[in-house]
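Worksheet: the structure to be examined is printed underneath.
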There are 2 protein chains.
Amino acid sequence: MPNRSITIKDVAAAAGVGIATVSRVLSGSGSVSPRTRERVLAAARELDYRPSALGRSLKLQRTGGIGLLVPDVTDPFCAGLVAGVLECAGSLGEHVIIDASHDDPAREAEIVDRLVEQRVDGIIALPTRGDAAHWTGARRVGLSVTFVDHATCGSDAVGTPAVLADDRGGVRSAVEYLVGLGHRRIGFLGGPAATPTGRLRAEAFTETLRDLAVTPDSGLLVRARSSRDSAYAAAASLFQRRSDLTAVLAGNHLLGEAAVLVAREFDLRVPADVSIAMIGDMAWAELCDPPLTAVARPARDMGYRACELLVRASDRTIERTRREGGRPVVLPTELIVRGSCGPPARTR
Amino acid sequence: MPNRSITIKDVAAAAGVGIATVSRVLSGSGSVSPRTRERVLAAARELDYRPSALGRSLKLQRTGGIGLLVPDVTDPFCAGLVAGVLECAGSLGEHVIIDASHDDPAREAEIVDRLVEQRVDGIIALPTRGDAAHWTGARRVGLSVTFVDHATCGSDAVGTPAVLADDRGGVRSAVEYLVGLGHRRIGFLGGPAATPTGRLRAEAFTETLRDLAVTPDSGLLVRARSSRDSAYAAAASLFQRRSDLTAVLAGNHLLGEAAVLVAREFDLRVPADVSIAMIGDMAWAELCDPPLTAVARPARDMGYRACELLVRASDRTIERTRREGGRPVVLPTELIVRGSCGPPARTR
DNA sequence: CTTGGGGCTGGAAACGTTTCCATATAGAGT
DNA sequence: ACTCTATATGGAAACGTTTCCAGCCCCAAG
């Protein structure tokens, strides 16, 4: 019963060679005679030898691990992102250390610290706020960081590579679609103004309306915190206060959910009485009755691209990365038209 | 510009002490004078020293990492599981290396190998099949494995700790509920017979029917492979072939989705024309019209418990674990009654 | 004054790799 | 036969920790 795990030394002894030779055989570098190679391979197989990544990483100063930091793995968008990262990392032979920040900057900082200790080669993050001190700290100790979904607004982290969805374009396409159907009084359910995402989508909403020469109405724009309850409350208040609106655009899937629920609660037929669209496509959008029109964001692709970007960046010097990686990668969104939007009941 | 990352040696030099002393200060063990401690702490802070987990793990022969292996992170059940593991691991100071098997045993074996190389302290897995060789291999090299969702059916891995949902009880409660409403011709949409889950739920279905003295009808039990298309095809074929059925129980969420879609396609009103229930509660069940009755499985709790179990097991010897951990932990399911089930239209 | 012990401290070994370098061997060219 | 080169091999250092052990100093007790 082997209580001590077997090392390269054991293999060397069993094969009657030096440990350097075993290393050469197993890593495939250097030259070894076919005869020796065979003996070593046989010994390794015989002993069921598993090389330790610890020893190797220590020597090589490179772990082949990448850190992945998302707000919440149960959020479908985050899950898609994770899947993309996993796919790319797997094909590149890297492993992924994952953790969830739950939108708490303190927790995020703690996790980044842990990842630094683990000496990951880089971090992919959907940050709570990209300008926090721990991010610049991480870059200072030499590991590359890639942001996803929204980039930093701070000044210090300029040059941090980022992979974004074209949110602005996504909102625009949805608004254009609704206006094209004849809607003029369109409600917008927005996420918290404190988050980059919440801010940006609301901006894009009003901006597009202005471009389309629809008179703005600030009473039609409502904010919610990022909880189910808050989303529901916001939707309820909007529907109650403004019975004259003919369409609603939900700024995220929580708000979309709330809009659907509240419309049902108020006995509004969709899309006859009110049209509903949502930013962020979900599996359940297809299952709604009627199926919900939504703007799909390529979560999986974003994860994949971010991972590619990160690994590529790790190979270069920080300097070169900073010089080259100025522009964030922006991936297109797609308006998926389903049955939840139609012309307004009473056109004026 | 420090191109070389700073080590304990640098801190020792800066503080004018030996490296042993620095280690004692930072790890909190041993005795150091307050004066020295202060100097070391100051030096570490000054240099922004981050201890390397590589060195520590190598020396301690323990990484504090746990491997997490699920079929697919975008599956809501798996996502819940991951969240639970992350929560527990975080509070225990462990980090989590995650990967997805995509239900491919070969890929799974590869991932296990990688985790062994990384010297994780243990693995939590939702295995494709618990009896595969790589699992016994992993246990042989001394790391503890905990299965989730379904345990092994093989003989070799007896004693592998497991955390399960009471699927049998869940199916039973759903069937009892439907029969209680007056249904007698209940369709069952089952997952692949090759998977433990698919087999077990179908068994529980027929078994419960027998216990309730409802005459079985093998034409009402349909299997699908685990893809959306296959699920849809199975549901369509069942509804088409057996227009006399009054209720359908979907064996997983993919099949539940398919049942809802097909019922809508066939212009069947729910629950007036057909009642639908599903194993596995999803966020979208609430959003369906009518909301879908489902059996909730405690994904997050399962992950949390599995992680607890694993870490506890790592502290003991394999022998003791094997002796103690005979019984798997079984967590209760809950039937969530919503609006998708009612009495059959024409009772006979 | 001596002895003993306890609190602090630093040197060194060990953990498992990779790789540089030195050496040994064999074959080929003169 | 001698040198030269290419190939094959092993020893040893290095990576960054932790911890054992030995040594030091100082104070109290004899």
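We name chains A, B, ... by the order of the sequence lines, and we start the count at 1 in each one.
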Nearest 0.5 Å please: distance from the [atom1] atom of [X] over to the [atom2] atom of [Y].
X      : Y      : atom1 : atom2 : result
A:T74  : B:L81  : OG1   : CG    : 12.0 Å
B:I123 : B:S144 : CD1   : OG    : 9.0 Å
A:L143 : A:R119 : CG    : CZ    : 9.0 Å
B:H150 : B:L164 : NE2   : CG    : 9.5 Å
A:I97  : B:Q118 : CD1   : CD    : 8.0 Å
A:I8   : A:S23  : CD1   : OG    : 4.5 Å

Nearest-nucleotide pick for [X], side chain only, options being [options]:
X     : options               : answer
B:T36 : D:dT17, D:dT9, C:dC8  : C:dC8
A:T7  : D:dT9, C:dG10, C:dG16 : C:dG16
B:S33 : C:dT9, D:dT9, D:dG16  : C:dT9

Specify the separation, in whole Å, of atom [atom1] of [X] and atom [atom2] of [N].
X     : N      : atom1 : atom2 : result
B:I19 : D:dC20 : CD1   : C1'   : 13 Å
A:L26 : C:dT18 : CG    : P     : 8 Å
B:L54 : D:dA14 : CG    : P     : 19 Å

Please determine whether a side-chain nitrogen or oxygen atom of A:S52 lies at a distance below 4.0 Å from atom OP1 or OP2 of C:dT17.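 Indeed not, no polar side-chain atom of A:S52 lies that close.
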
Taking OP1 and OP2 of D:dG10, is either one under 4.0 Å from a side-chain nitrogen or oxygen of A:T21?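 Yes, A:T21 has a side-chain N/O under 4.0 Å of OP1/OP2 on D:dG10.
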
Taking atom types as modelled, find out whether B:S27 and B:S29 have a side-chain donor-acceptor pair closer than 3.5 angstrom.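 On atom types as modelled, these side chains qualify, holding a pair under 3.5 Å.
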
Does [X] have any side chain to side chain contact (heavy atoms under 4.5 Å, CB included) partners at least two apart in sequence or in another chain, and if so, which?
X      : value
B:A100 : A:L86, B:H102
A:P51  : A:Y49, A:R56, B:E117
A:Q61  : none
B:A43  : B:V11, B:A14, B:A15

Residue among A:L126, A:V112, A:V145 satisfying side-chain contact (heavy atoms from CB on, under 4.5 Å) with A:L69: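 Of the listed residues A:L126, A:V112, A:V145, the side-chain contact (heavy atoms from CB on, under 4.5 Å) partner of A:L69 is A:V112.
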
Kindly state each residue pair satisfying side-chain hydrogen bond (donor to acceptor under 3.5 Å, both in side chains) with at least one member in residues 34-43 of chain A, sequence neighbours excluded.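 Applying side-chain hydrogen bond (donor to acceptor under 3.5 Å, both in side chains) to every pair that reaches into residues 34-43 of chain A, excluding sequence neighbours, yields A:S33-A:T36.
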
Mind grabbing the angle between the end helix axes of the helix from C:dC1-D:dG30 to C:dT30-D:dA1? Five pairs an end, 10° rounding.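 Helix axis angle between the two ends: 60°.
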
Looking for any heavy atom pair under 4.0 Å, which part of the strands does B:S31 touch: base, sugar-phosphate only, or nothing?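 The residue B:S31 makes base contact.
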
Write down the atom of A:D121, the atom of A:G64, and the distance for their closest heavy-atom approach.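 Looking at all heavy atoms of both residues, the shortest contact is OD2-N, 2.7 Å.
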
Listed by chain and number, what are the side-chain hydrogen bond (donor to acceptor under 3.5 Å, both in side chains) partners of A:T128, not counting sequence neighbours?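 Partners of A:T128 under the side-chain hydrogen bond (donor to acceptor under 3.5 Å, both in side chains) test: A:E108.
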
According to side-chain hydrogen bond (donor to acceptor under 3.5 Å, both in side chains), who are the partners of A:D99, at least two apart in sequence or on a separate chain?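 For A:D99, no residue satisfies side-chain hydrogen bond (donor to acceptor under 3.5 Å, both in side chains) once neighbours in sequence are set aside.
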
Strictly below 4.0 Å, heavy-atom distances to any atom of DNA chain D: list the hits from [range], or just say none.
range                     : answer
residues 8-16 of chain A  : A:G16
residues 55-66 of chain A : A:L58, A:K59, A:Q61
residues 43-50 of chain B : B:Y49, B:R50

Readout for nucleotides 20-26 of chain C: B = base within 4.0 Å of protein heavy atom, S = sugar-phosphate only, - = neither; 5' to 3' it is B------

